[in-house]
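Below, chain A is the first sequence line, B the second, and so on; all start at residue 1. Just so we're clear, the structure is a prediction, and the values are computed from it rather than from any experiment.
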Amino acid sequence: MIEPRVLSGFRDFLPREMMQRQSLMETARRVYQSFGFAPIDTPTLEYLDILLGKGSAETDRQMYHFIDNGGRPVGMRFDLTVPLARYVAQHINQLGTPFKRYHIAPVWRGERQQRGRYREFVQCDFDTIGTRSLMADLEMILVINELLMALGFQRFCIRINHRKLLNGMLAQKGLEQHSVGVLRAIDKLGKPGIDVLAELIQVGLPESVARDILQLGQQQGDPAGVLELAERCVGDHPVGREGVADLRELLKSAVAAGVPAERLVLDISIARGLDYYTGTIVETQLLDLPEIGSVCSGGRYDNLAGLYTKQDLPGVGASLGLDRLLAAMEELGLVADQSSPAQILLAFFEPQLQLEYLRLARQLRSVGLNVEFYPEPAKLKKQLKYADQRKIPAVILIGSQEWEQQQAAVKWLDREVQNTVPLTADGRSICDYFQQAFLSTKS
RNA sequence: GUGGGUGUAGCUCAGUUGGUUAGAGCGCCAGAUUGUGAUUCUGGAUGUCGGGGGUUCGAGUCCCCUCUCCCACCCCA
């Protein structure tokens, strides 16, 4: 016998988890579409040269790739942004700009699995291509805020940074060649037992600059204070000033557009990330489970499509990490326990009424209700237990007594009530009854 | 990819310095007179003790290898 198992970092989903995933995806779709983002899809496999060298050496190393049966080097997509760049470069003439799309699909990364980190996971991306307007950056923040709220979260924060801030600061001192090392060091700010200052100096920064950066990083709570300090640090360097001005504008408009100010955190330590980001950078953290990492990240990349076309196609967008979010919700006890999409179980009571049951089930389904007919005339106890275990809320019981009186007993398992509903040939009354019942439980 | 830890019934775990037929709770299944779940009572099934090799008269308990998951690094959703 072959032992049934799945690859490390890959997972099966039970109905309960899958229903939750679908509901999260549906919410993301709804929110994205409410801002006018259009759905697209791209192949899971791309020519390897399309995918390589777009993120960093590290992302290349983590990519799944192989030679296909025709001898072509192909890769499995590592994220949805690089395929998007290829996609717009190829189709921008038909799409027109600005082009707003969303894309919900799995991606693959060959890295070691940890909690909330898998080798196959679904990203829910949304991006705006073809405009440099800061309005698009702002919209990214607004979408993230709406999205998290629609998913049922109140306690989260959106950490915002700008690539030009640190770059400008370093350039001002002629230290831009150290930016990678600085980012790596600064990223460790929250972690215990690490002397970030020492690391910064070791990277090659003069102590005074290192102190400034450290101070900037430690003030992440208060946007106004950080901005003021940042302004001093970047001096009169044009790139740095641009970063400061963008951030100031972004924060102001986000609050004006309705994002609670306490959710917006300026944090220069999130300046790491994929190499293609050039401006605004955001990460989203759940305050009740910060250690699981960002559940929604993104930023502005002004030169991504430039690898595939001479057209100037700047972009800005972010990605919700569906599987990481689900892992967080699981841990926080926020996952619904229903494991069946059925709203109603029609009990199989009397074998001679079989055809009547089938007709009733069809009538109920025709008005949009999810109805499951138990496949065999088992003991009532067993059928009720079946519904209870799957959290199917209602059970219809029609035995010979009910049938003679042309009525149905409706038992609600989540409450302790059992109603009697009249049966008619067209099923109208019982359909109305359930539509009414499910309408009121939803609101 | 590197380093550390972990792995006993579906789940959470117990299992004395290696010694006979490996346990608990929960869950699951079946019953408690004929048509009612989640509560109660009674009974029942379940594990090649992650897998492979070794040491030993004898290993769930010791050693090696491998896989898994967790944690850290790296990186990131």
Side-chain angles (χ1 to χ4, degrees), chain A residues 1-11 14 24 28 55-63 77-81 104-125 144 147 180 183-184 187-188 191-194 270 272-275 277 281-286 291-299 317-328 331 337 345 347-350 353 374 377-403 409-418:
Chain A
M1 219 149 57
I2 299 167
E3 189 192 348
R5 55 186 187 147
V6 297
L7 260 15
S8 173
F10 291 75
R11 295 156 304 149
L14 298 180
L24 295 181
S56 63
E58 182 61 25
T59 64
D60 288 356
R61 200 172 64 75
Q62 292 185 356
M63 185 149 32
R77 62 178 170 227
F78 175 91
D79 66 10
L80 300 177
T81 305
I104 299 176
V107 303
W108 293 270
R109 297 183 188 179
E111 61 181 341
R112 184 84 92 202
Q113 156 159 353
Q114 266 180 55
R115 180 181 59 161
R117 303 179 60 167
Y118 311 101
R119 290 183 165 178
E120 176 179 59
F121 59 96
V122 168
Q123 291 196 319
C124 309
D125 273 38
I144 292 175
L147 182 56
V180 172
L183 290 178
R184 189 159 300 157
D187 178 44
K188 296 176 181 161
K191 307 195 174 175
I194 292 174
I270 65 157
R272 73 232 170 87
L274 298 166
D275 290 355
Y277 290 127
I281 296 177
V282 298
E283 286 193 1
T284 310
Q285 198 173 31
L286 300 178
E291 66 275 15
I292 204 158
S294 171
V295 295
C296 189
S297 311
S319 178
L320 174 75
L322 189 92
D323 292 288
R324 176 172 293 182
L325 186 73
L326 189 72
E331 191 151 334
D337 56 0
L345 178 73
F348 196 160
F349 218 138
E350 297 287 348
L353 289 176
Y374 199 85
K379 284 189 175 174
L380 203 50
K381 184 185 176 107
K382 190 171 179 185
Q383 299 190 46
L384 284 165
K385 194 165 184 177
Y386 175 86
D388 184 50
Q389 284 171 326
R390 289 161 183 75
K391 294 288 175 288
I392 299 173
V395 179
I396 299 178
L397 303 168
I398 304 172
S400 48
Q401 284 172 37
E402 285 81 4
W403 183 250
V410 175
K411 185 176 176 73
W412 292 93
L413 298 187
D414 48 351
R415 299 153 242 169
E416 283 182 22
V417 289
Q418 183 160 324

What pairs of donor and acceptor atoms, side-chain ones from residues 377-385 of chain A against any protein atom, are under 3.5 angstrom apart with sequence neighbours left out?
| unit_1 | atom_1 | unit_2 | atom_2 | d |
| --- | --- | --- | --- | --- |
| A:Gln383 | OE1 | A:Phe348 | N | 2.8 |
| A:Gln383 | NE2 | A:Phe348 | O | 2.8 |
| A:Gln383 | NE2 | A:Ala378 | O | 2.8 |

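- Spacing between atom CG of A:Asp388 and atom P of B:rA38 amounts to 7 Å, rounded to whole angstrom units.
- Residue A:Ser8 is the one, among A:Gln62 and A:Ser8, whose nearest nucleotide of RNA chain B lies closer to the 5' end (criterion: closest heavy atom).
- When heavy atoms are screened at a 4.0 angstrom cut-off, A:Gly298 is found touching no nucleic acid atom at all.
- Residue A:Gly116 is in base contact, counting any heavy-atom pair closer than 4.0 Å across all strands shown.
- Contact annotation: A:Gln113 reaches the phosphate of B:rC70 (side-chain N/O to OP1 or OP2, under 4.0 Å).
- Residue A:Asp79 contributes atom CG, which lies 11 Å from atom P of B:rC76 at whole-angstrom precision.
- B:rA77 atom P lies 18 Å from atom CG of A:Leu24, rounded to whole Å.
- Across all strands, A:Gln285 comes closer than 4.0 Å to no nucleic acid atom at all (heavy-atom distances).
- Among the heavy atoms of the strands, none lies under 4.0 Å from A:Cys124.
- If you find the closest nucleotide of RNA chain B to A:Glu416 and to A:Leu325, the one lying nearer the 5' end belongs to A:Glu416.
- Atom CG in A:Leu286 sits about 15 Å away from atom P in B:rA77, given to the nearest Å.
- Between A:Trp108 and the options A:Phe78, A:Tyr118, A:Phe10, A:Phe121, a side chain to side chain contact (heavy atoms under 4.5 Å, CB included) holds for only A:Phe10.
- When the P atom of B:rG37 is taken as reference, atom NZ of A:Lys391 falls 15 Å away, rounded to whole Å.
- Between A:Arg115 and B:rC71 there is a side-chain N or O to OP1 or OP2 distance below 4.0 Å.
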Any chance you could list the contact pattern along nucleotides 26-36 of chain B? Use B for base contacts, S for sugar-phosphate-only contacts and - for none, protein heavy atoms under 4.0 Å, 5' to 3'.
--SS-SB--BB
How does RNA chain B look in dot-bracket notation if pairs are Watson-Crick or G-U with both distances under 3.5 Å, crossing ones as [ ], other-strand ones as |?
(((((.(..((((.....[...)))).(((((.......))))).....(((((..]....)))))).)))))....
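- Atom CE in A:Met63 sits roughly 16 Å away from atom P in B:rG1 (whole-Å rounding).
- The phosphate of B:rC69 has neither OP1 nor OP2 within less than 4.0 Å of any side-chain N or O from A:Gln114.
- Put simply, CG on A:Asp125 is 15 Å from P on B:rC76, counting in whole angstrom units.
- Distance A:Arg117 CZ to B:rC74 P: 10 Å, rounded to the nearest Å.
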